[in-house]
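Below is one structure, written out as structure tokens, with a few remarks after it.
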Amino acid sequence: MTPKRKQKLFMALGLVSLAAIAVGLTLYALRANINLFFSPIQIVAGDAPFERQLRAGGMVKEGSVVRNPDSLDVEFTVTDYVEDVRVHYSGILPDLFREGQGVVVVGQLQRGGWIKADQVLARHDENYMPPEVAEALEAAGYSPADFQAKAAKVAERIEEREEQEGASQY
């Protein structure tokens with residue numbers, strides 16, 4: 001092999017090696033920042049990783065919201081009407097957050113089976129179910145339509161309770 005060919009071969013091998021290292025480092029960095037979505041069914045089944053960033057979603061279970069009067073700490077339960085997962089959050093909740101509403105929490109699953117949330121996202125009305133939750137329910141063999149009907153009943157009970165509380169204040 002001529003010296004010119006050896007030089008080209010080493011140059012090509014060096015470029016391929018650098019490209020492989022760059023791709024490897026990029027994939028490693030992305031792996032640490034990916035937060036996959038898990039439904040309560042999947043979390044209870046043990047599919048979710050512990051102490052890694054993840055997203056979990058479902059409906060806020062009726063009667064589960066407990067606020068600490070001395071701080072911004074809130075505990076509540078996220079349900080898909082099959083399984084429940086407890087969530088601990090410290091911060092200001094979104095305006096649309098309430099019992100019977102769809103939420104997505106971003107945080108870490110702790111060894112005790114509860115989620116330490118860094119962020120709480122709430123949207124829409126009682127008929128809304130996050131698309132990821134609907135897909136997870138379908139994959140587990142459940143119908144999201146059944147759970148939306150349950151969510152509508154929960155919303156009716158919550159509205160009745162709020163009306164009774166409002167009437168008793170006057």
Side-chain angles (χ1 to χ4, degrees), residues 24-162 165:
L25 290 173
T26 302
L27 291 175
Y28 180 76
L30 289 176
R31 182 183 67 97
N33 292 328
I34 291 176
N35 54 2
L36 299 174
F37 180 85
F38 294 94
S39 70
I41 291 174
Q42 294 169 318
I43 292 171
V44 171
D47 295 339
F50 289 108
E51 298 174 2
R52 286 209 42 220
Q53 192 81 353
L54 58 83
R55 291 181 304 134
M59 308 302 268
V60 178
K61 189 172 183 178
E62 182 180 4
S64 70
V65 179
V66 178
R67 298 174 191 268
N68 184 340
D70 299 329
S71 68
L72 294 175
D73 294 345
V74 179
E75 292 184 19
F76 57 93
T77 301
V78 173
T79 185
D80 54 12
Y81 301 110
V82 177
E83 297 290 350
D84 299 339
V85 175
R86 197 79 185 143
V87 176
H88 299 260
Y89 177 68
S90 182
I92 298 173
L93 290 167
D95 291 338
L96 296 176
F97 178 88
R98 65 178 224 199
E99 296 174 357
Q101 297 291 84
V103 296
V104 174
V105 296
V106 179
Q108 295 180 349
L109 179 63
Q110 303 299 311
R111 293 280 174 196
W114 56 277
I115 296 174
K116 180 181 178 188
D118 300 321
Q119 191 175 19
V120 175
L121 309 169
R123 297 179 33 144
H124 300 287
D125 60 3
E126 68 277 356
N127 296 318
Y128 173 76
M129 181 174 286
E132 295 97 340
V133 174
E135 290 170 10
L137 286 171
E138 287 176 2
Y142 300 99
S143 168
D146 296 337
F147 301 108
Q148 288 174 338
K150 286 182 183 182
K153 289 178 185 176
V154 168
E156 288 175 14
R157 286 197 306 263
I158 291 170
E159 286 177 15
E160 288 174 7
R161 187 177 65 205
E162 288 174 353
E165 289 173 1

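We number each residue from 1, following the sequence as shown.
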> Does some side-chain heavy atom of Val120 sit less than 4.5 Å from a side-chain heavy atom of Pro94?
Replying inline: yes

Please tabulate, for the side chains in residues 69-77, all donor-acceptor contacts under 3.5 angstrom to protein atoms that are two or more places apart in sequence or on a different chain.
residue: Ser71; atom: OG; partner: Asn68; partner atom: ND2; Å: 3.4
residue: Ser71; atom: OG; partner: Asp73; partner atom: N; Å: 3.3
residue: Ser71; atom: OG; partner: Asp73; partner atom: OD2; Å: 3.3
residue: Asp73; atom: OD1; partner: Ser90; partner atom: OG; Å: 2.7
residue: Glu75; atom: OE2; partner: His88; partner atom: ND1; Å: 3.1
residue: Thr77; atom: OG1; partner: Arg86; partner atom: NH1; Å: 2.7

>> For Gln110, give me all partners under side-chain contact (heavy atoms from CB on, under 4.5 Å), at least two apart in sequence or on another chain.
In response: Glu51, Gln108, Trp114, Lys116

> Any idea which heavy atoms bring Pro49 and Leu109 closest together, and the distance?
Replying inline: O-CB, 3.7 Å

>> I want to check something: taking the side chain as every heavy atom from C-beta on, are Leu36 and Gln42 in contact at a cut-off of under 4.5 Å?
In response: no

> Can any side-chain N or O of Asp47 pair as donor or acceptor with the backbone N or O of Phe38 at less than 3.5 Å?
Replying inline: no

> What is the minimum heavy-atom distance between Val44 and Asp84, and which atoms define it?
Replying inline: CG2-O, 3.8 Å

> Closest heavy-atom contact between Gly102 and Met59?
Replying inline: CA-SD, 3.5 Å

> How long is the gap from CD1 on Ile41 to OH on Tyr81, to the nearest 0.5 Å?
Replying inline: 13.0 Å

> Could you state the interatomic distance from CD1 (Ile43) to CG (Leu54), rounded to the nearest 0.5 Å?
Replying inline: 6.0 Å

> Which pair of heavy atoms, one from Leu93 and one from Tyr89, lies closest together, and at what distance?
Replying inline: CD2-CD2, 3.5 Å

> Which residue, Val85, Thr79, Val78, forms the side-chain contact (heavy atoms from CB on, under 4.5 Å) with Lys61?
Replying inline: Thr79

>> Using every non-hydrogen atom in the two residues, find where Glu99 and Val65 come nearest and quote the distance to one decimal.
In response: CG-CG2, 3.8 Å

